Amino acid sequence: VFSAAFYALLLANILFLTGVWHYDVLTAGLAVTPGPLCAATASAVGGRLADRFGARAVLVPGALLFAAGCALFAVGIGPDPAYLTHFLPATLLTGTGVGAVFSGLSVATVAALPPNRYATGSAVGTCARQIGAVFGISALLSGLAAGGDFHTAWVLMALAALATAAIGAA
């Protein structure tokens, strides 16, 4: 569920920046860079916190941060470029959320496994993440091709992140 939203967000943001705000590809790439930087930092911190407090302790807040960032994209982004005031804050939230969620999911994937099954469990988790990526990107492109807009896509990504938080809490 979360991977579908995450991978759809990656593509949606580049398509939005290049298609609506008319950024060139290099500028669009630079514009999204703070998100992965936040993800890397949050993943390192999240991994330590998950080891200490459990996967739920980072997965749920991370999913809520990601949902908040997607909601900010949905309500705050318009046709006129507003990178510093609208795009960047949403990117920082989603990036931080991604790092926390994926570190929590990684811990949860292998937590109940015996040590000799960690590699297999991790591989199954990675496979599930890739399947989510396929569904998310397919849904995004199908929706946009059918006349949908980015704001609707961002709302759906926020809803998927809220579902992730609910599943993680359960």
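Note that the coordinates shown come from a computational prediction; the quantities given were computed from them, not determined experimentally.
- Here the shortest heavy-atom pairing between G78 and W21 reads O-NE1, 2.8 Å.
- The backbone N or O of V110 lies less than 3.5 Å from no partner atom in the side chain of Y118, so there is not a single donor-acceptor pair.
- Annotation for A158 and A71: closest pair CB-N, 4.2 Å, computed over non-hydrogen atoms.
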Item to complete: Please lay out, stage by stage, how V155 and V75 fare under the test side-chain contact (heavy atoms from CB on, under 4.5 Å).
Response: CA-CA 9 Å; V155 167; V75 300; over 6 Å; no
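- Between H86 atom NE2 and D80 atom CG the span is 10.5 Å, to the nearest 0.5 Å.
- T96 approaches L92 most closely through the heavy-atom pair OG1-O, 2.8 Å.
- Hydrophobic clustering (side-chain heavy atoms under 4.5 Å, transitive across Ile, Leu, Val, Met, Phe, Trp, Tyr) keeps L72 apart from Y83.
- Criterion: ILVMFWY side-chain heavy atoms under 4.5 Å apart, direct or through other members. Under it, F6 and I137 are part of a common hydrophobic cluster.
- Here the CD1-CG distance, from I167 to L162, works out to 11.0 Å after rounding to the nearest 0.5 Å.
- Note that the CG atom of L140 and the CG atom of L9 stand 9.5 Å from one another [nearest 0.5 Å].
- Separating the OG1 atom in T120 from the CZ atom in R117 is a distance of 5.5 Å, to the nearest 0.5 Å.
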Item to complete: Quick one: do T109 and S122 satisfy side-chain contact (heavy atoms from CB on, under 4.5 Å)? Show the steps, please.
Response: CA-CA 7 Å; T109 299; S122 180; 5.6 Å; no
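- Between the side chain of S103 and the backbone N or O of A100 there is at least one donor-acceptor pair closer than 3.5 Å.
- Of all heavy-atom pairs between A57 and P61, the closest is O-CG, 3.2 Å.
- Neither L93 nor L88 shares a network with the other; the hydrophobic side chains, linked directly or stepwise wherever heavy atoms of I, L, V, M, F, W or Y lie under 4.5 Å apart, form separate groups for each.
- Of the possible polar contacts, none joining the R129 side chain to the S3 backbone as a donor-acceptor pair under 3.5 Å is found.
- Closest of all the heavy-atom pairs between V32 and T91 is O-CG2, 4.1 Å.
- Ring to ring, F87 and F73 are close: their centroids are under 6.0 angstrom apart.
- Residues V60 and V101 are not in side-chain contact: their nearest non-hydrogen atoms beyond the backbone lie 4.5 Å or more apart.
- Two rings, from Y7 and F135, have their centers 6.0 Å or more apart.
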Practice prompt. Show your reasoning for whether side-chain contact (heavy atoms from CB on, under 4.5 Å) applies to I77 and F150.
Written response: CA-CA 9 Å; I77 302 288; F150 289 100; over 6 Å; no
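- Within the 3.5 Å criterion, the main-chain N or O of A160 finds a donor-acceptor partner in the side chain of T164.
- Under the 3.5 Å distance criterion, the side-chain polar atoms of T27 are left unmatched by any main-chain donor or acceptor of Y23.
- Side-chain atoms of T152 never come within 3.5 Å of backbone atoms of G148 as a donor-acceptor pair (strictly under, hydrogens ignored).
- A perpendicular orientation is assigned to the rings of H151 and F16, their planes being inclined by more than 60° (bins at 30° and 60°).
- Pairs of residues two or more places apart, or lying in two chains, that qualify as ring pair (Phe, Tyr, Trp, His ring centres under 6.0 Å) and include a residue from residues 42-68 are F2-F66.
- Using a 4.5 Å heavy-atom threshold, the side chains of T94 and L65 count as separate.
- If you chain together hydrophobic residues whose side chains sit under 4.5 Å apart, L156 and I14 never meet in one group.
- Summarising the geometry of T33 relative to P36, their closest heavy-atom pair is O-CD, 3.0 Å, with the distance given to 0.1 Å.
- For the atom pair CG (L59) and CG (L49), the distance works out to 12.5 Å, reported to the nearest 0.5 Å.
- Linking Ile, Leu, Val, Met, Phe, Trp and Tyr residues whenever their side-chain heavy atoms come within less than 4.5 Å places L11 and F102 in a single cluster.
- Remark: the D149 side chain and the W154 side chain contain no N/O donor-acceptor pair separated by less than 3.5 Å.
- The OG1 atom of T41 sits 7.0 Å away from atom CG of L37, with the distance rounded to the nearest 0.5 Å.
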